Amino acid sequence: MKIINNPYELRKELKDKEIGFIPTMGALHAGHLSLIKKARSENKTVVVSIFVNPTQFLEGEDLDKYPKRLEADSKICEIAGVDYIFAPNIENMYNDSDEALIKVPKVRGYILEGHFRPGHFDGVLQIVLKLFNIVKPKKAYFGKKDAQQLALIKQMVKNLFLDIEIVEGETVREKTGLALSSRNVYLSDIEKKRALSISKSLKLAAKLSIKEKNCEKLKEEMLNILDVDKLQYIAFVDKKFNYINEIEEKNSIILIAAFVGNTRLIDNIYL
Ligand code: AMP
C-alpha cells in the first residue's frame, strides 16, 4: 500500500488503472470499512482518500477538533487490502483563493442538512468533484448514513455526465443500534445511551409504517421516545428527496438530525 499526498503524483500512479474509490474524512470505523471491503471485492485497484475538507464545515463547527488518526487509519487500510491512500493537505487541494465553484441544486440542496448547515453541500460537491477528477474512479462508494449527500452526489454525477458508478453502502451500526460515526467519540457514556433513542425511534417508525402510512402520525410516535437535547428535524422524503406525507413502499426515507449534548448526530432509515 502506498500513501500519497500529491494529486499529480497520485494521477501518475493511477494512470490506466480500474479504480474503486472511497472518499473519507478519516478516523475510520467499521462503516468506512464496509465500503472498503465492498470496493475490494469489486475492483482491481482500491483507493481511499483521507481529507478533512474545510469547505464543508461551517463557522463554529468541529473542523479543528475533528479526530485525526492517519497512522491508525493506514493500518486499517493496509489490513483491508487498500492499494493507495490519498492523504493530501489543504494546500494540495485548494491552490487558489478564488476558485471555480459548484453549487448544489436549489431545492434539494437547501433542505434538511442543507438548511441547517448552509453551504455544507457546496463544499461536499466541490471536494468530491476534485477527488473524482484526480482519482478518475470507475466506481465510487458512499454510505446511506449520509443519505442526502448520497442523493446529491448521484444527482451531480448525472447532471455533469460523469462516467462514474456510484455504489451505495448500508449503514453500519453498533450492536445497540447506534449508527457508527467518527463524531461518536465526542459522546459521553450517558449521551451515548440517550443517542440510542434516535435509532430506536427510526426502527419504531419503520415497524409501524407497515400499517400506518401517515407521516405525521409516525412522527408523533417517534417524538414520544426521542431523548435528545435539540431536535433539528424528523423528515419523510422519497429517494429523490421530495417531501412526502404518506409512506411509499420501497421509496421512502425517514431522517433525523439532533443534538445530544453538544454533538450533532444524523441517522435515517430506508423503507
Ligand atoms: P466520512 O468520513 O464521515 O466523510 O464518511 C465517509 C463515507 O463513509 C461516506 O460515504 C459516509 O456515508 C460513509 N459512512 C459513514 N458512516 C457510516 C456508517 N455508519 N455506515 C456506512 N457508511 C458510513
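We count ligands from 1, going down the list as the structure has it; atoms in each ligand are counted the same way. Please read these numbers as outputs of a predicted model, since none were measured by experiment.
For the pair Lys250 and Tyr270, the cation does not sit on the ring face, since its NZ or CZ is not both under 6.0 Å from the ring centre and inside 45° of the axis. With a 6.0 Å cutoff to the six-membered ring centre and a 45° limit on the axis angle, Lys2 does not count as a cation-pi contact of Tyr84.
Using 4.0 Å as the threshold, His29 has a heavy atom nearer than that to some atom of ligand 1.
The existence of a salt bridge linking Lys154 and Glu168 is confirmed by a sub-4.0 Å separation between a basic side-chain nitrogen and an acidic carboxylate oxygen.
For atom 10 (O) of ligand 1, the closest non-hydrogen atom on the protein side is Gly143 N, 2.9 Å. When hydrogens are left out, the protein atom nearest atom 6 (C) of ligand 1 is Pro23 O, 3.4 Å; that is the closest non-hydrogen contact. At the shortest separation from atom 20 (N) of ligand 1 among protein heavy atoms lies Val172 N, 2.8 Å. Considering only non-hydrogen protein atoms, atom 12 (O) of ligand 1 sits nearest to Asp146 OD2, 2.6 Å. Here the heavy atom of the protein found nearest to atom 13 (C) of ligand 1 is Leu35 CD1, 3.7 Å.
A side-chain donor from one of Glu113 and Tyr233 sits under 3.5 Å from a side-chain acceptor of the other. In this model, a donor atom of one side chain and an acceptor atom of the other lie less than 3.5 Å apart for Asp62 and Tyr186. Looking only at atom types and distance, the side chain of Gln56 has no donor-acceptor partner in the side chain of Gln126 under 3.5 Å away. Under the 3.5 Å distance criterion, with hydrogens and angles disregarded, a donor-acceptor pair is assigned to the side chains of Asn53 and Tyr94. Checking Gln232 against Arg264 by side-chain atom types alone, a donor-acceptor pair falls below 3.5 Å.
Residue contacts with ligand 1: His32 is placed with a nitrogen or oxygen under 3.5 Å of a nitrogen or oxygen of the ligand (distance criterion only). Among the atoms of Leu180, some N or O lies under 3.5 angstrom from an N or O of ligand 1.
Listed by number with element, the atoms of ligand 1 under 4.0 angstrom from any heavy atom of Thr24 are 2 (O), 6 (C). Each of the atoms 10 (O) of ligand 1 lies under 4.0 Å from some heavy atom of Phe142. Numbered from 1 in the order shown, with element, the atoms of ligand 1 that lie under 4.0 Å from a heavy atom of Glu170 read 20 (N), 21 (C). Atoms of ligand 1 found under 4.0 Å from any heavy atom of Met25, numbered from 1 in the order shown, are 1 (P), 2 (O), 4 (O).
Exactly one of Glu246, Glu248, Glu249 qualifies for a salt bridge (charged side-chain N to carboxylate O under 4.0 Å, His left out) with Lys213. That residue is Glu249.
Of the candidates Ala30, Gly169, Gly31, it is Gly31 that places a heavy atom closest to atom 18 (C) of ligand 1.
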